[in-house]
2 protein chains.
Amino acid sequence: MPDQVPTFQHSWIGDQSLSGELTDKQWKILKAALTVFTEKGYSASTTSEIARVAGVAEGTIFRHFKTKKEILLATLIPLMQNFIGPGATNSLHDLLLENDNLPMEEVLLLILEDRQKHIAALWPLLRIVLLEANYHPELKDVLLNNVVRKVQKSFLVFLEQRQRKGELRDDLDVWKLMCSIFGGFVTYLVSCTLFPEREQGKNNRQELKVIVELFLRGAQKQT
Amino acid sequence: MPDQVPTFQHSWIGDQSLSGELTDKQWKILKAALTVFTEKGYSASTTSEIARVAGVAEGTIFRHFKTKKEILLATLIPLMQNFIGPGATNSLHDLLLENDNLPMEEVLLLILEDRQKHIAALWPLLRIVLLEANYHPELKDVLLNNVVRKVQKSFLVFLEQRQRKGELRDDLDVWKLMCSIFGGFVTYLVSCTLFPEREQGKNNRQELKVIVELFLRGAQKQT
DNA sequence: TCAAAAACGGAGTGATTACTCATTTAGGAA
DNA sequence: TTCCTAAATGAGTAATCACTCCGTTTTTGA
């Protein structure tokens, strides 16, 4: 059997994303684990394959991690805490600071375009996190508290500011407004991957503009 | 080890949902398989546990199904074709026929309430279907063609009718309108399960009304 | 009523699993 | 060079996996 070449390169992972103090071997193991888990899911992955991909002996793996599950957690939890979470909020935060004076419509478009690129780049990682969070409560906790809640908070603050400026209706909960734009956006992303034929040849920015406009017509203060 | 009592009872499955011609044993096996897969996922489930839950010998399983994967497909594919798919479209179809004369807002509210109940009742089944579709293309195909596309079509027809009546804007694709209401609705459902504390004590119907109103303000023809 | 056929049971198969452990290797200090 | 220690190794282990085989029981049909 020939060696399989991993189809998914984790080029976006910096050394600091997994943990501060990692030996060369630990680093190789976690990177290999991420590759294998990403391709087959946790249950269908084997420690022997992780060892093979990492280029170390199987015994070495269990010198650094007590169990297979510990490998999963040691891989995904630091990535959520140090990479996915900060990556999601920092970029959003900067974007909001820099464009505070722009009209709502343009800021939202910038945000959605930025998020779309970000999600696309991280998709293999996000996919395995979302899937495995269903079976491992430890992952679900970290996902909720270090990613979901933080992104929510940043975005809610932004919407509340705009609400105070009078650019958004104040007769209903900002949460509902967030659900509306978030839902429309995610549904568009899903629709792009499930039905690529539908979105082919269309201008992505134009499509995002429609989503923003549809949201704002519902969410803006009545003139 | 004491026998485990399945925590998820598939009381909603009718005999005809899985297949027309099933022996008693086959029926027991598929029901047990569904229970076990639902709890642990496909990869982490074992044929010996399925046999135990079904109350048959492990050999009996492989008399009826060649492989473990065949059990998965024989369980989920008929359920999608005969139960999830029809259940989703029939109810929608009836509801639209009966309330053709009602204003858009009320019909949408009825639809969302109906869908919410339906999804809640089927959730354990839908969950395993959505999760395993990520790893088994055969499931993904059936899910797309026998569930997603059919629901879409029914709903698109409804929206197009209302568009022709002048109740919805005709300056943009109905698809976008569908994405908008669908996204807002699904996001609300997800938010209810992820953050139950947020929705506790609130009137569900009232919350759905807000979603509908938010959508319609964006999607209705400007007066 | 009875023989042929089909269904069933459960011990058993080799392969594979997560994980262990005695041994080897590597690298720095004396 | 010669230790010493910690890291790395890979053959090995018991358990478990999906799946088979064959004797027994049940069903079928005439």
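Chain letters run A, B, ... following the sequence lines, proteins first and then strands; every chain starts at 1.
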**Complete:** A:R52 CZ to D:dT9 P, in whole Å, measures 16 Å
**Asked** How long is the gap from NE2 on B:H64 to CG on B:L30, to the nearest 0.5 Å?
**Response** 9.5 Å
**Request:** Send over the distance from B:F62 CZ to C:dA6 P, rounded to a whole Å.
**Result:** 22 Å
**Asked** Passes salt bridge (charged side-chain N to carboxylate O under 4.0 Å, His left out), B:E207 versus A:K176? Steps please.
**Response** CA-CA 9 Å; B:E207 300 292 296; A:K176 280 279 172 316; 2.5 Å; yes
**Prompt:** Taking C-beta and beyond as the side chain, do A:Y188 and A:L112 meet within less than 4.5 Å on heavy atoms?
**Reply:** no
**Message:** Measure CZ/A:F37 against P/C:dA18 and give the value in whole Å, please.
**Reply:** 9 Å
**Asked** Out of C:dG9, C:dA18, D:dT9, which has the shortest distance to the side chain of B:A57?
**Response** C:dG9
**Request:** Pick base, sugar-phosphate or nothing for B:T47, based on heavy-atom distances below 4.0 Å to the nucleic acid.
**Result:** base
**Asked** Is the closest basic N to carboxylate O distance between A:R52 and A:E58 below 4.0 Å?
**Response** no
**Prompt:** Can you check whether B:H64 has a side-chain N or O nearer than 4.0 Å to OP1 or OP2 of C:dC8?
**Reply:** yes
**Complete:** Which of C:dC19, C:dC8, D:dC19 is nearest the side chain of B:T60? It is C:dC8
**Message:** From OH of B:Y42 over to P of D:dC17, roughly how many Å is that when rounded to an integer?
**Reply:** 13 Å
**Fill in**
note: A:I61, atom CD1; C:dC21, atom P; distance rounded to Å ~ 18 Å
**Atom-to-atom span, CD of A:E58 to P of D:dT9 - whole angstrom** = 12 Å
**Request:** May I ask you to say what B:S45 touches in the nucleic acid, namely base, sugar-phosphate or nothing, with a heavy-atom cut-off under 4.0 Å?
**Result:** sugar-phosphate
**Item:** For atom CD of B:E70 and atom C1' of D:dA18, their distance in whole Å
**Value:** 13 Å
**Prompt:** Using a cut-off of 4.0 Å on non-hydrogen atoms, how would the nucleic acid contact of A:T46 be classed: base, sugar-phosphate, or nothing?
**Reply:** sugar-phosphate
**Prompt:** C:dC19 C1' sits how many Å from A:F65 CZ, rounded?
**Reply:** 15 Å
**Asked** Looking only at N and O atoms, is any donor in the side chain of A:R63 or the base of D:dA7 less than 3.5 Å from an acceptor on the other one?
**Response** no
**A:V212 vs A:L208 side-chain heavy atoms within contact, under 4.5 Å** = no
